Engineer: 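Here it is: the structure, laid out below.
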Amino acid sequence: MLRSPSDKAAAYAALAILALLLLPLLRIAQYSVPWYDDFNYGLYVKNAVAEGADIIGALKAAFECVRVQWYAWQGTYSSVFFMALMPAVWGEEYYFLGPLFLIIILTVSVYTFMHVILTDIFEVGRYQSITVSAVTAALCIVLIHSSQTGFYWYNGGVHYVGMHSFLLLLVSVCIRLACTRKISSRAGYMLLGVIMAVCVAGSNYVTALQGGVVIFLMLLIIFIFKRSMCYFYVPIAVFYLFGFYKNVAAPGNRFRSAAYEGWGYSPAMSVIRSFAEAFKYMGTFTGWMTVAVMAVLLPVIVQIVRKSKFRFNYPALILAASFCLYATGFTPSLYSLGHAGLGRTLNAVKITFQLLLVLDEVYITGWAVKHFEKKEFKCPFAYYIVVAAAMLLIFAAAPNQAGVYSSYGAYYYVHTGEAYNFYQEYLGRLEILKSDEENVVFKKLNYTPWLLCMGDLGSDSQAEENQAVASWYDKLSVVVE
């Protein structure tokens with residue numbers, strides 16, 4: 001009988017699978033193109049670059065975009081800053097760097113977040129931590145709610161996936177701060193935490209709200225169990241609170257709220273309905289493939305918790321706290337729009353859900369093992385074969401494989417040539433946009449791969465997306481027949 005793989009072999013296999021799943025996502029990024037708000041927010045830096053501005057001048061233009069939007073439309077200063085630095089401001093051929101950044105930052109942040117929790121809190125061995133962290137990163141990447149708006153539309157992606165990734169890195173820094181003994185290292189982590197706190201506090205309201213909850217829960221735990229460390233955490237919490245206040249109190253938020261007046265619920269009703277939406281989306285966010293991934297991780301987790309000195313007490317309390325934190329992801333959209341959120345918003349909510357799901361699996365398994373399991377547990381290799389076969393069946397039975405599994409979707413659109421043909425049509429339009437023609441009329445797109453095509457322009461030159469393109473290329477009008 002084949003033995004279960006060693007910890008080292010499992011770690012290397014997990015990293016190899018993660019890399020393999022990332023390859024098609026990175027490959028198709030070269031065919032991504034800007035859309036809608038990419039033009040609106042990037043126009044400030046684009047104009048500065050056109051006038052000969054260097055990198056400092058580009059950053060100043062990005063800050064000007066933040067200032068204008070803070071007064072006119074939204075207070076999410078960090079998100080707006082990154083939106084303004086849309087890579088195509090230096091040329092359309094550089095737009096692919098945005099999707100590359102989003103895919104890589106999410107992978108790195110999820111991996112780092114899980115690795116820090118497993119090694120610093122649960123005191124897990126190196127290779128076992130690598131295995132769980134890599135598999136969790138693959139889970140978040142492949143089963144992201146909307147890979148289209150999460151990775152290949154820079155504006156929507158950086159606002160949610162990008163900023164949520166920064167939140168995970170901020171939490172990782174705060175955990176390392178608590179587990180570091182050197183004063184100099186603590187000061188360094190504190191300074192980094194303050195900078196990242198200001199950044200995350202100015203993000204979308206799902207990320208900013210969940211980040212605030214986590215930071216102040218950590219501060220409370222530190223105050224109770226390690227009070228001497230409070231001096232290092234208070235500056236992080238204070239700067240986070242100040243940044244969040246500037247985000248929420250922006251004058252532009254009032255104008256934005258007026259545009260959606262009557263759409264949302266009251267603050268109290270938004271909180272109450274958040275729990276209902278959280279229950280509603282649990283099935284959507286989980287799915288059979290997620291269950292299969294949790295089954296793959298279970299033998300590794302059992303080995304982890306058996307060796308861990310962590311007590312894993314109060315599992316019901318941990319589950320309740322996890323659900324409450326997950327539910328907060330729906331509150332901002334319910335308050336402003338009256339529904340659970342757009343696809344790009346739900347990307348951030350689902351990332352939180354997936355991470356909590358894995359962490360709760362570790363915690364509940366730890367509690368069960370500490371209380372009930374007394375014998376040494378050895379998982380036969382046949383177990384992994386059965387789970388792998390189940391994964392293949394789940395994948396084969398999926399009605400929309402290219403839409404559900406991001407890596408397969410990327411492979412599919414490249415393999416069929418749709419991505420290439422779509423990009424060639426875009427280059428044809430780009431040639432016309434850079435000509436002397438002042439009133440541009442396009443033919444309808446023949447290729448619209450879902451992963452890359454957010455939509456198309458319409459026949460109304462006054463539509464917002466049409467005007468965004470016209471302003472970017474200095475045209476009187478841009479329409480599609």
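Along the sequence shown, residues carry numbers from 1. Just so it is clear, the model here is predicted, and its values are computed rather than measured.
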Engineer: Looking only at atom types and distance, does a side-chain atom of Y233 sit under 3.5 Å from a main-chain N or O of C174, one as donor and one as acceptor?
Structural biologist: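 Checked: pair present.
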Engineer: Evaluate the criterion ring pair (Phe, Tyr, Trp, His ring centres under 6.0 Å) for residue pair F82 and F166; output intermediate values, then yes/no.
Structural biologist: CA-CA 12 Å; F82 284 102; F166 289 138; 5.5 Å; yes
Engineer: What distance do F395 atom CZ and Q401 atom CD have between them, rounded to the nearest 0.5 Å?
Structural biologist: 4.0 Å
Engineer: When you measure from the side chain of H115 to the backbone of Y111, do you find a donor-acceptor pair of N or O atoms at a distance under 3.5 Å?
Structural biologist: no
Engineer: Do the side chain of S32 and the main chain of A29 share a donor and acceptor less than 3.5 angstrom apart?
Structural biologist: yes
Engineer: Mind checking whether Y71 and F255 have side chains closer than 4.5 Å, heavy atoms only?
Structural biologist: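 Not in contact.
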Engineer: With a 3.5 Å distance limit and no angle check, can you tell me whether R27 reaches the backbone of Y411 through a side-chain donor-acceptor pair?
Structural biologist: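 Flag not set: sc R27 to bb Y411 has no pair under 3.5 Å.
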Engineer: With side-chain contact (heavy atoms from CB on, under 4.5 Å) as the test, pick out the partner of Q210 among T207, V213, V206.
Structural biologist: V206
Engineer: Does a side chain donor of either H164 or T352 reach within less than 3.5 Å of an acceptor in the other side chain?
Structural biologist: yes
Engineer: For A250 and W70, which heavy atoms make the closest approach, and how far apart are they?
Structural biologist: CB-NE1, 3.2 Å
Engineer: Hey, could you give me the CG/OH distance between N155 and Y41, rounded to the nearest 0.5 Å?
Structural biologist: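 Taking CG in N155 and OH in Y41, the distance rounds to 6.5 Å.
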Engineer: When you measure from the side chain of D120 to the backbone N and O of S172, does any donor-acceptor pair fall under 3.5 Å?
Structural biologist: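 Answer holds: no.
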Engineer: Exactly one of T119, L118, I117 should register a side-chain contact (heavy atoms from CB on, under 4.5 Å) with I121. Which one does?
Structural biologist: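 Considering T119, L118, I117, a side-chain contact (heavy atoms from CB on, under 4.5 Å) with I121 is found only for I117.
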